[in-house]
Amino acid sequence: MPQGKPDSVPDDGLTTRQRRNRPLVIVHTGTGKGKSTAAFGLALRGWNQGWPIGVFQFVKSAKWRIGEERALRVLGDSGEGGRVDWHKMGEGWSWIQRPGSEEDHAADAREGWEQIKRDLAAETYTLYVLDEFTYPMKWGWVDVDDVVETLTARPGHQHVIVTGRDADPRLVGIADLVTEMDKVKHPMDAGQKGQKGIEW
């Protein structure tokens, strides 16, 4: 796609402007680092456009204080750009052993998805970041077909970004933009743990 020109123009009856401004489903998947980071970069762009933004984190612990959350909350409260709402769904139930059963975590994930469905129906946000949302689908806690149907039929002008490894082929199939991030090399391979400013 050199110089921003598409390889082909579909015969869909849309004008260039209509086609350019279609709301997108975006998926960031793969084993490499940077899926969430890229999604939050898009959230910064959306904030600059004045869009209301909803971030829904499905895996990271509610106790973690990640840099993107603080930055986007400050920006959202600044009175400039768009507002930012940050929702943490559960207590880091995938990576950290916490009290509570798998059934409790599954119920939290399902309730998180139901809230997103309500927000989509109400057109609450222009940009949704569904961070690490591939995992509840992979584990069978959230029905993939329901996700696909809901995202495909969402009303209005709402962009949705889904991050996480192992994106279901059905989700990939309906997405407009899919990026697979592959790991070539990582400091953890050499025994180095995550560090401030890089991982959070």
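Just so you know, these numbers use all the heavy atoms, side chains as well, and skip hydrogens, waters and symmetry mates.
Residues Glu123 and Arg154 are not paired through a salt bridge, judged by the lack of any N-O separation under 4.0 Å between the basic side chain and the carboxylate. Checked for salt-bridge contact, Arg22 and Asp176 meet the test: a charged N lies under 4.0 Å from a carboxylate O. A salt bridge between Glu111 and Arg118 is present, with a side-chain N of the basic residue lying under 4.0 Å from a carboxylate O of the acidic one.
Here the side chains of Val162 and Ile26 are not in contact, with every heavy-atom distance at 4.5 Å or above. Side chains of Val25 and Leu177 form no contact here, defined as non-hydrogen atoms less than 4.5 Å apart. Between Val84 and Arg73, the closest side-chain pair of non-hydrogen atoms is not below 4.5 Å. Taking the side chain as every heavy atom from C-beta outward, Lys33 and His186 approach each other to under 4.5 Å. With contacts defined as side-chain heavy-atom distances shorter than 4.5 Å, the pair Leu75/Glu80 does not qualify. Here the side chains of Lys88 and Phe58 are not in contact, with every heavy-atom distance at 4.5 Å or above. Residues Thr163 and Thr29 form no side-chain contact, since every pair of their non-hydrogen atoms from C-beta on lies 4.5 Å or further apart. Here the side chains of Phe133 and Val160 are not in contact, with every heavy-atom distance at 4.5 Å or above.
Linking ILVMFWY side-chain heavy atoms closer than 4.5 Å, directly or via other members, places Ile53 and Leu44 in a single hydrophobic cluster. Under the 4.5 Å side-chain heavy-atom criterion for grouping Ile, Leu, Val, Met, Phe, Trp and Tyr, Tyr128 is connected to Val178 within one hydrophobic cluster. Transitive grouping of hydrophobic side chains (ILVMFWY, heavy atoms separated by less than 4.5 Å) keeps Met181 and Met188 in distinct clusters.
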Check your understanding: Does the side-chain contact (heavy atoms from CB on, under 4.5 Å) test come out yes or no for Leu42 and Ile161, once each step is laid out?
Key -> CA-CA 9 Å; Leu42 288 175; Ile161 308 170; 3.6 Å; yes
Practice item. Could you check Glu180 against Asp182 for side-chain contact (heavy atoms from CB on, under 4.5 Å), going step by step and ending with a plain yes or no? Key: CA-CA 6 Å; Glu180 184 165 355; Asp182 292 327; 3.7 Å; yes
Review point. Going through the checks in order, is the side-chain contact (heavy atoms from CB on, under 4.5 Å) test met by Leu151 and Leu171?
Key: CA-CA 9 Å; Leu151 295 183; Leu171 176 64; 4.1 Å; yes
Practice item. Go through the steps for Arg165 and Thr31 under the test side-chain contact (heavy atoms from CB on, under 4.5 Å), then give the verdict. Key: CA-CA 6 Å; Arg165 296 182 181 203; Thr31 59; 4.3 Å; yes
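Tyr125 and Asp85 share a donor-acceptor pair across their side chains, judged by distance under 3.5 Å alone. With hydrogens and angles left out, the side-chain atoms of Ser36 and Asp131 include a donor and acceptor closer than 3.5 Å. Side-chain N/O atoms of Asp146 and Trp113 include a donor and acceptor closer than 3.5 Å.
Shortest non-hydrogen contact noted between Trp86 and Gln57 is NE1-OE1, 2.9 Å. Scanning both residues, Ala167 and Val27, for their nearest heavy atoms gives CB-CG1, 3.8 Å. Heavy-atom minimum distance, Gly156 versus Pro23: O-CG, 3.8 Å.
Here the side chain of Asn21 pairs a donor or acceptor atom with the backbone of Arg17 at under 3.5 angstrom. Formation of a donor-acceptor pair under 3.5 Å by the Trp47 side chain with backbone atoms of Arg83 is not found in this model. Proximity of a side-chain donor or acceptor of His87 to a complementary backbone N or O of Phe56 within less than 3.5 Å is not detected. Between the side chain of Gln158 and the main chain of Pro155, a donor-acceptor pair closer than 3.5 Å is present. Using modelled atom types, one side-chain atom of Lys35 and one backbone atom of Gly30 make a donor-acceptor pair closer than 3.5 Å.
Atom CD of residue Gln115 and atom OG1 of residue Thr124 lie 7.5 Å apart, to the nearest 0.5 angstrom. Here the CD-CG distance, from Gln49 to Leu127, works out to 11.0 Å after rounding to the nearest 0.5 Å.
By the neighbour-count criterion of 12 heavy atoms within 6.0 Å, atom CZ of Arg170 is densely surrounded, having more than that number from other residues, nucleotides or ligands. For Glu149, the CD atom is loosely surrounded, since the number of other residues' heavy atoms within 6.0 Å does not exceed 12.
Screening Asp166, Asp168, Val144 for a side chain to side chain contact (heavy atoms under 4.5 Å, CB included) with Lys138, the sole residue that qualifies is Asp166.
Annotation: ring pair (Phe, Tyr, Trp, His ring centres under 6.0 Å) contacts involving residues 142-173, sequence neighbours excluded, comprise Trp51-His159, His157-His159.
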